[in-house]
**Student:** 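Quick one: the structure is below, and I'll ask about it shortly.
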Amino acid sequence: MRNLGRRGFAGALLFWIMPAASAAGALALAPLLALCGAIGAPWRFGGRIPLAYALLLAAAAWAALSVLWSPLDRPEQALKIVLATMAGLGLVAGMSGLDEKARGWVRASLLAGLLMLALLLAIEAGFDMPFNRAAQPETPTGLLQRNPGRGVFVLEALGFAGLAAALMLRGPPRWVFGAILLAAMAALSTQFSFDANLVAFAIGLAAFALGYAAPRWAPALAAGVWAFWLMAAPWVIHAASGPLREAALQLPPSWGMRLQIWDYAAARAIEKPLLGWGLDASRSFRDPQDLNGFTYAAIPLHPHSFSVQVWLETGGVGALLLAASLAATGLACVRWCDGARLPAAAATACIATIGLVWNVSYGAWQEWYMALPFMAAAAVLALKRA
């Protein structure tokens, strides 16, 4: 502990508290990021701001500014986006300056935290969610499953960085801890009725292998794919509107509704392609949609697609800034990893899993999900050896 330092302590603290916060539904990840970002941020920023930082700050500022033309008056949401971005970048900036001893502590904390999270989620899966039922005894089972379901995704989003940390150990423990973590991710991805978690695990595993095989370009490729989709999403979806509507009638209801929501939201985004409808405008589209006799609001809270929501609410300006920050982040990952296979594999898997689920499940501005990319970056930054 003597060699941990303030910034190293912030990274270790993040992964010490992460298991309990994630198993309980992950909503506490946002205040945890704020705390660790405040502790770990450099007190002095010297030199020029990295391009990825500048682009992300600009994107956050533009998203916050778009509240001015939104049909909904939610200035608190604009403030949350800016503060989350600043806290996350503070944590990342602090973690990028750690020495090898501090990085070792953070790697150990990451691996231990993920194994503890896997244990908590295994208990929830095997014994009918005892922890979450004790905390929310009146919540129906279907709704309660969302809590550990989000926890499983946190395990997947950070788990491949934890796998890399395990493989960096010496001797037989590297294989034991690595196998336990990978098996837990695979088994838990099938629990709690979250189909996206299983797909995310498969994509993450393939991305980890790709990053290990091609460390000098795989992280940039993964980020580039999501940057491209961010720019193209509403236009591609709108062009495929007819087939999507037909497919929605044949799929399970949850996926059929997603297709219809994406189609509707993409059409609205194209109506205001430059500035968008304004922050949180998704909540204002309440036209009825029908799926096999079931009627629901056109966009229930958010479009369940990060890329479509960014276009819908912040327009092409916001989409371009975020896509550019994604591309710059991928290139920064390649430079940071410098051919090291395990960090590159972890970075590629983190980008792939977070990008996938963000584009099929959650809202763009959900605070706990906004914290995840910064947590993943902190995990990857701890993997590189001097």
Side-chain angles (χ1 to χ4, degrees), residues 15 18 22 95 103 106-115 117-118 121 151-170 173-190 194-227 229 326-327 329-361 372-385:
F15 299 121
M18 176 271 298
S22 300
M95 290 292 297
R103 284 201 296 269
V106 177
R107 286 196 298 270
S109 301
L110 168 67
L111 180 56
L114 288 168
L115 291 172
L117 175 57
L121 292 171
V152 171
F153 180 63
V154 175
L155 178 68
E156 294 175 342
L158 304 177
F160 291 102
L163 176 61
L167 295 177
M168 291 175 70
L169 298 173
R170 293 184 175 88
R174 65 189 300 189
W175 305 113
V176 174
F177 289 136
I180 291 173
L181 183 57
L182 195 60
M185 291 165 62
L188 290 167
S189 68
T190 65
F194 270 66
D195 297 339
N197 284 345
L198 179 58
V199 178
F201 172 74
I203 293 294
L205 188 61
F208 188 90
L210 177 63
Y212 190 87
R216 295 198 178 277
W217 55 264
L221 175 65
V225 166
W226 292 126
W229 178 245
L326 270 172
T329 298
L331 294 173
C333 282
V334 170
R335 290 194 298 270
W336 170 260
C337 295
D338 193 26
R341 293 184 183 276
L342 287 174
T348 307
C350 288
I351 293 169
T353 53
I354 292 173
L356 172 75
V357 175
W358 214 342
N359 275 283
V360 299
S361 287
L372 263 186
F374 298 111
M375 295 175 65
V380 171
L381 287 169
L383 296 175
K384 185 178 177 182
R385 285 200 170 116

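This is a predicted model, so every value here is computed, not measured.
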**Student:** I need the minimum non-hydrogen distance between Leu114 and Leu158, along with the two atoms involved.
**Tutor:** CD1-O, 3.5 Å
**Student:** Between Lys384 and Trp336 (side chain of the first, backbone of the second, donor and acceptor by atom type, cut-off under 3.5 Å), is there such a pair?
**Tutor:**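 Yes, because the side chain of Lys384 sits within donor-acceptor range (under 3.5 Å) of the backbone of Trp336.
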**Student:** Using a 3.5 Å distance criterion without hydrogens, assess whether the side chain of Arg341 forms a donor-acceptor pair with backbone atoms of Tyr212.
**Tutor:**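 At least one qualifying donor-acceptor pair exists.
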**Student:** How many angstroms lie between atom CG of Leu117 and atom CE of Met185, to the nearest 0.5 angstrom?
**Tutor:**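 Nearest 0.5 Å value for the CG-CE distance: 10.5 Å.
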**Student:** Side chains of Asp338 and Arg216: does their closest heavy-atom pair fall under 4.5 Å?
**Tutor:** yes
**Student:** Contact between Phe160 and Leu205 at the side-chain level, heavy atoms closer than 4.5 Å - yes or no?
**Tutor:**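 Yes - at least one pair of side-chain heavy atoms lies under 4.5 Å apart.
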**Student:** Do you know which two heavy atoms are closest between Leu372 and Phe153, and how far apart they sit?
**Tutor:** CD1-CE2, 3.6 Å
**Student:** Report the distance from atom CG of Asp195 to atom OG1 of Thr190, rounding to the nearest 0.5 Å.
**Tutor:**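 Nearest 0.5 Å value for the CG-OG1 distance: 10.5 Å.
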**Student:** State, yes or no, whether a side-chain contact exists between Asn359 and Trp226 at a heavy-atom distance under 4.5 Å.
**Tutor:**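 A side-chain contact under 4.5 Å exists here.
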**Student:** Any side-chain heavy-atom pair from Trp217 and Thr348 closer than 4.5 angstrom?
**Tutor:**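 Result no, sub-4.5 Å side-chain heavy-atom pair not found.
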**Student:** Between Met168 and Leu342, what is the shortest heavy-atom contact and its length?
**Tutor:** CG-CD1, 3.6 Å
**Student:** Are the side chains of Leu169 and Phe177 in touch, meaning some heavy atoms are under 4.5 Å apart?
**Tutor:**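 Yes, side chains in contact.
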**Student:** For Ala352 versus Ile203, what's the shortest heavy-atom pair and its separation?
**Tutor:**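 Result for this residue pair: CB-CG2, 3.9 Å.
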**Student:** Within the distance-only criterion (no hydrogens, no angle test), does the side chain of Ser361 pair as donor or acceptor with the backbone N or O of Trp358 below 3.5 angstrom?
**Tutor:** no
**Student:** Are the side chains of Val176 and Ile180 in touch, meaning some heavy atoms are under 4.5 Å apart?
**Tutor:** yes
**Student:** Return the CG to CZ distance between Leu163 and Phe208, rounded to the nearest 0.5 Å.
**Tutor:** 4.0 Å
**Student:** So, taking the atom named CD in Glu156 and the one named CG in Leu356, what distance separates them when rounded to the nearest 0.5 Å?
**Tutor:** 9.5 Å
**Student:** How many angstroms lie between atom CG of Leu181 and atom CG of Leu115, to the nearest 0.5 angstrom?
**Tutor:** 5.5 Å
**Student:** How close do Ala379 and Leu110 get, counting heavy atoms only, and between which atoms?
**Tutor:**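 Smallest interatomic distance, heavy atoms only, reads CB-CD2, 3.8 Å.
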**Student:** Between Val380 and Cys350, is any pair of side-chain heavy atoms under 4.5 Å apart?
**Tutor:** yes
**Student:** What distance separates Met18 CE from Met375 CE, expressed to the nearest 0.5 Å?
**Tutor:**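 It is 6.0 Å, given to the nearest 0.5 Å.
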**Student:** Which heavy atom of Ala340 sits nearest a heavy atom of Pro343, and at what distance?
**Tutor:**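 Ala340 and Pro343 have their closest heavy atoms at O-CD, 3.6 Å.
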